[in-house]
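Input: a single structure, listed below in C-alpha cells.
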Amino acid sequence: MQRVTNPHDDVAIHRTSPPVIEPGHTFGSVTDKISALTLRRRTPIGWYIGFTLSFMVAGMLMMTIAYLVMTGIGIWGNNVPVGWAFDIINFVWWIGIGHAGTLISAILLLLRQEWRTSINRFAEAMTLFAVASAGLFPLLHTGRPWLAYWLLPYPNTMGMWPQFRSPLMWDVFAVSTYATVSALFWYVGLIPDFATLRDRAKNRVFQIIYGMLALGWRGSARHWARYEATYLLLAGLATPLVLSVHTIVSLDFAVSVIPGWHATIFPPYFVAGAIYAGFAMVLTLTIPLRRFYGLEDFITVRHLRNMAKIMLATGLIVAYGYMTEAFMAWYSANTYEEYMILNRMRGPYAWAYWSLIFCNVIVPQLLWVKRVRHSTVALFLISLVVSVGMWLERFVILVTSLHRDFLVSSWGMYSPTVFDWSMFIGTIGLFFTLLFLFIRFLPIISIFEMRTLVPQAQAQINEEKGQA
Amino acid sequence: MDTTSYNLPPAAERWQTRALIIGVVALVITAVIAFFSGSLTHSGEAGVAQGEAAAAAHGSTTFLAQFFRSYLVGFLFVTGISVGSLAILMLQHLSGGSWGLVIRRILEASTRTMPLLALMFIPIIFGIHSLYEWSHAEAVAADPILKHKSLYLNVPFFIGRAVFYFVVWGALAYFLNKWSREQDHTGDPRVKRQMQNLSGPGILLFGLTVTFAAVDWGMSLEPHWFSTIYGMLVMAAWGLTAMAFTITALVVLSRHDPMSHVYAPSHFHDLGKLLLAFVMIYAYFSFSQFLIIWSGDLPEETSWYLRRLRGGWELIGLAVVILHFALPFVLLLSRDVKRNARRLVLVALLVLVARVVDWIYLIAPASHQTEGHEQSLWPMLLLDFTTMFAATVGLGGIWLWFFLRQLRQQPLLPIGAPDLDKVLAAATTSQH
C-alpha cells in the first residue's frame with residue numbers, strides 16, 4: 001500500500017512502528033506526570049460536568065431498579081414468545097465489552113507485548129465496571145434479586161438444587177469467577193502504584209487511604225520477586241477466562257434447539273465478538289481521555305493502531321460467523337433454519353439485521369487503510385459504530401430467533417418499553433460514573449510498568465546483562 | 001552472512017529417496033489390501049459381520065470405495081501440512097515474532113508443494129462416485145434434501161471449487177515464496193512490507209477457501225449433516241498438523257551440521273507454546289461442536305455422532321480425546337518439554353499420529369452403516385485403520401520427497417530478513 005520511494009531509506013521503514021512511549025521521558029517524569037493526574041492537578045471542570053451527567057443517568061437506573069423491584073419484571077417489554085430480550089442483550093453486550101480488558105491485561109502480558117502497558121490499567125477498570133453493569137441484568141431478571149443466592153448450590157430445607165446441565169447455571173460460576181479474578185488482577189496491579197501515591201500525597205486523608213490500599217508496600221527486592229510471580233499467576237488464571245466466560249454465554253443460546261441459536265460456531269464466534277466489542281470500547285474511551293489529559297506521550301499512535309488491527313481481525317471473524325450462519329442455514333436444507341435467516345434478512349426486524357451488517361462488517365473494512373488506522377477521529381467514530389453494531393448483533397440473535405419459531409400460531413413481536421431503555425441507558429450511566437471516579441482517584445496508567453519502558457530502564461537492564 | 005552455510009545437510013538426499021520409496025510402496029500396499037477387502041466382502045461369505053454385509057449391500061465397501069476413502073484420509077492429512085503452513089507463514093509475516101524467522105524456510109518449502117497436491121487431488125475426481133453419495137443422480141432424485149443441495153453439491157461445481165482453492169493457495173504460496181527469495185538476494189526492506197500486505201487479505205482467503213474445502217471434501221461425505229463450526233475445525237486441524245510437522249522438521253535439521261548451532265532452546269520453547277495453543281484450539285472447537293449437538297439432540301445432527309459412538313468407534317473417539325488432547329496438553333504444559341528439542345519432537349510426532357487417527361475418525365464412519373447394528377465392527381475398523389494409515393504414509397512419503405526437493409532450493413534461513421541477526425543472537429545469549 002504505502003511505498004517508500006527511496007530503497008536506501010532503511011530508517012524510514014524501520015521506524016514505521018511508532019514508539020510505545022515518546023522519547024525524552026525519565027523515571028521521574030513518568031511518575032510525576034501520571035501521579036499528578038490524581039494528586040496535583042486541579043480537577044478539571046470537564047470532570048465535574050461528565051461525572052454529574054453520568055451520575056444523573058445512573059440515578060435513572062436506580063429509580064428504574066426501585067420501580068422494577070416494587071412492581072416486577074412485567075414493566076419490561078419481555079413477552080411470550082420473546083421471553084429474553086433487553087436483559088440478556090445488555091448482559092451479553094456488557095460482558096463482551098469487559099473481555100478486551102482481560103485480553104489486554106492477561107493475554108498480551110503472557111505474549112510479552114509491551115505496548116499493552118499504558119492501556120492495561122484502564123482496560124481492566126473498564127472490565128470491572130462492564131461486568132458490574134452486566135451482572136445487574138440477570139440478577140434483576142430473576143425477579144426477586146434478594147433470593148439470588150438460590151442459584152448457588154447450598155444445602156437447604158427447600159429440597160432445591162441447581163440444574164447443573166443448564167448453561168445459565170454455568171454462567172453464575174463463570175461470571176462470578178470472572179469478576180473475582182478481574183478485581184484481584186486489577187488490585188494487585190495497583191499495589192505498587194498505591195505506594196507511590198501514598199508517598200507523594202500531601203493530604204493526610206489521602207496518605208492514610210492510599211497507605212492502607214498499598215498493604216505496606218516498600219518496594220524491596222523480595223516484594224518485587226513475589227509480586228511478579230503473583231502477577232504472572234493471575235495472568236495465567238485470567239487467560240482461560242477470556243475464552244470460557246463468553247463461551248458459556250454463547251452456550252446459553254447454543255444448547256437450545258431454537259433456529260438461530262443452535263449453531264456449533266457460537267462459542268468461537270461469540271468470543272471474537274466480545275473481543276471486538278471490547279476493543280471498540282477501549283478505543284472509544286481512550287481517544288478522548290488521552291486528549292483531555294494530554295497523555296499522547298504514553299498512549300501513542302502505536303497503541304491505537306494495534307487496537308485497530310485487533311478490531312479488524314476479530315471483526316472479520318465475526319463477519320465469517322454471519323456468513324457461515326447464512327450459508328449453513330441454506331445448506332442444512334432445514335425449513336426452520338432457512339426461514340430464520342430469511343426472516344432476519346427480510347422480516348420485520350430486517351432493519352436491525354442490515355444495520356448490524358453495516359456497522360459490524362462494512363464500516364470496519366475502512367481499517368484496512370493505514371490512514372484510517374492512524375486517524376484518531378476516524379478510529380473514534382468507527383469504534384462507536386462497532387459498539388452499536390455489536391449491540392444490534394445481540395438484539396438480532398435474541399429477538400429475531402425468538403419472535404418466530406416453529407409454530408406460526410405462537411409468533412409474536414417484541415418492542416422494548418421505556419423501562420427497558422432507562423435500564424439500559426442507566427447502566428451506561430453507572431459505567432461512566434465508576435469510570436469518572438476511577439480517573440479522578442486512581443492512576444489511570446500503571447506508573448511502575450511505564451517506568452520499565454523508559455530508556456533509563458533499558459540501559460539498566462543492559463548493564464545488568466553485561467555484568468552477568 | 002555466508003549463504004552457503006545454511007544449506008540442507010548431505011544426508012537429506014538419502015531421506016529423499018527413502019521417502020519416495022516408502023511412499024510408493026505404502027500406496028501399493030493400500031491398493032492391494034483394499035483390493036482383497038473388496039473381493040472379501042463381494043463374495044458375501046458367512047462369518048462376516050452382519051453390519052459389514054449390510055454395508056456391502058449398500059454398495060460402499062467395494063475395492064474402489066475402500067481405496068478412495070483411504071486416499072481421502074491421506075490427502076486431507078497431507079494437504080493440511082501445506083495449507084496449514086501457508087496460514088502459519090502468513091501469520092508470522094503479520095505478527096513478526098522471532099519464532100517465525102527460524103521456521104520460515106520450512107513453511108515456505110511446505111507451501112511450494114501446492115502443485116503436487118493439486119495433482120494428488122485428481123484421483124479424488126475419479127473417486128467422486130465412490131466417495132460422495134450426492135454425485136449419484138438417482139440418489140439425488142430420490143432425496144429432497146440432496147435435491148435442495150444439488151445447487152452446491154454437484155460434480156462440475158465441486159471440481160471447479162477445488163480448482164479455485166488450489167489457484168488461491170498456489171498464488172499466495174507463489175508470491176510469498178518469490179518475495180522471500182527476493183529478500184534473500186536484495187535485502188530490500190520493502191519486500192517485508194509487501195509480504196505483510198499480502199498476508200492480511202491472504203489469511204482472509206485462507207479462512208474462506210478452507211471452510212468451503214472442508215464442506216466439500218469432509219462434511220459432504222454425510223450430505224445430510226451440517227455443522228457451522230466445521231470449517232474452523234478443519235482450519236485448526238490443518239494448522240496443528242503444519243505446526244507439528246514443522247517442529248519435527250526443525251528438530252531433524254537441528255541434529256545435522258549446518259543448523260545444529262543455529263536453533264536454541266528458546267526457539268523450541270516458542271514453537272512448543274504455539275503447538276500447545278493449536279492443541280487447545282482444536283480441542284475447544286471439537287468439544288464445542290460435541291456439546292452443542294449433544295445438548296440439542298436433534299436427529300439431523302446427532303446421526304453424525306451416533307455413527308461415531310458405536311461399533312468400536314467410541315473407543316477410537318476416546319483415543320482421539322487422549323492422544324489428540326489430554327496427553328499432548330499435559331506434556332506441553334511443561335517448560336522442560338517445550339525447550340528440549342528431543343522431547344518436543346516426540347510430542348510433535350504424537351500429535352501427527354493423532355491427527356491421522358482423528359482424520360480416520362472424521363472420514364471413515366461416514367460410510368459405515370452402524371445404526372441398528374450394535375455388534376462389533378472390529379474387522380471393518382481394522383481394515384480401515386490399515387488402509388488409511390498406509391495411504392497416509394503413501395501420500396506422506398511422496399509429499400516428503402517433494403518437500404525435501406523444495407527445501408534444498410533455498411538456504412534454510414531467510415538470510416535477507418532484516419531482523420535475522422538479532423533473532424539468532426538473542427537465542428545464543430538466552431542459551432546460557
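In this text, all values refer to a predicted model and were calculated from it rather than measured experimentally.
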If every non-hydrogen atom of A:M328 is compared with every non-hydrogen atom of B:S227, which pair is closest and at what distance?
-> CE-O, 3.8 Å

Listed by residue number, which members of residues 281-289 of chain B have a heavy atom under 4.5 Å from any heavy atom of chain A?
-> B:Y284, B:F285, B:S288, B:Q289

Rounded distance [0.5 Å steps], OH in B:Y152 versus CZ in A:F327 | 4.5 Å

Is the CZ atom of B:F175 crowded by more than 12 outside heavy atoms at less than 6.0 Å?
-> no

Backbone N/O of A:Y331 and side chain of B:H148: donor-acceptor pair under 3.5 Å | no

Donor-acceptor under 3.5 Å (B:T228 side chain, A:T264 main chain) | yes

Contacting moiety of B:K147, where chain A heavy atoms sit under 4.5 Å | neither

Heavy-atom proximity to chain A below 4.5 Å, by part of B:S95 | neither

Between B:M219, B:E300, B:H224, B:Q196, which shows the greatest number of heavy-atom pairs under 4.5 Å with chain A?
-> B:M219

When the 4.5 angstrom heavy-atom criterion is applied to B:W225 and chain A, the contacting part is backbone

Which one, B:I203, B:L153, B:D297, leads in non-hydrogen pairs under 4.5 Å with chain A?
-> B:L153

With rounding to the nearest 0.5 Å, note down the distance linking CD1 in A:I265 to OG1 in B:T211.
-> 7.5 Å

Pair count under 4.5 Å, heavy atoms only, with chain A: among B:I145, B:I229, B:L94, highest is B:I229

Do the side chains of B:M232 and A:I317 get nearer than 4.5 Å, heavy atoms only?
-> yes

Contact origin within A:Y269 toward chain B - heavy atom pairs under 4.5 Å | neither

Working for side chain to side chain contact (heavy atoms under 4.5 Å, CB included), residues B:L208 and A:M323 = CA-CA 10 Å; B:L208 293 174; A:M323 183 210 73; 3.5 Å; yes

Heavy-atom closest contact (A:H262 atom, B:G296 atom, distance) | CE1-CA, 3.6 Å

So, the part of B:P201 with a heavy atom under 4.5 Å from chain A: the answer is both

Should the heavy atoms of other residues, nucleotides or ligands under 6.0 Å from OH of A:Y336 be counted, would the total exceed 12?
-> no

Identify which of A:P268, A:S250, A:A263, A:P167 forms the greatest number of heavy-atom pairs closer than 4.5 Å to chain B.
-> A:P268

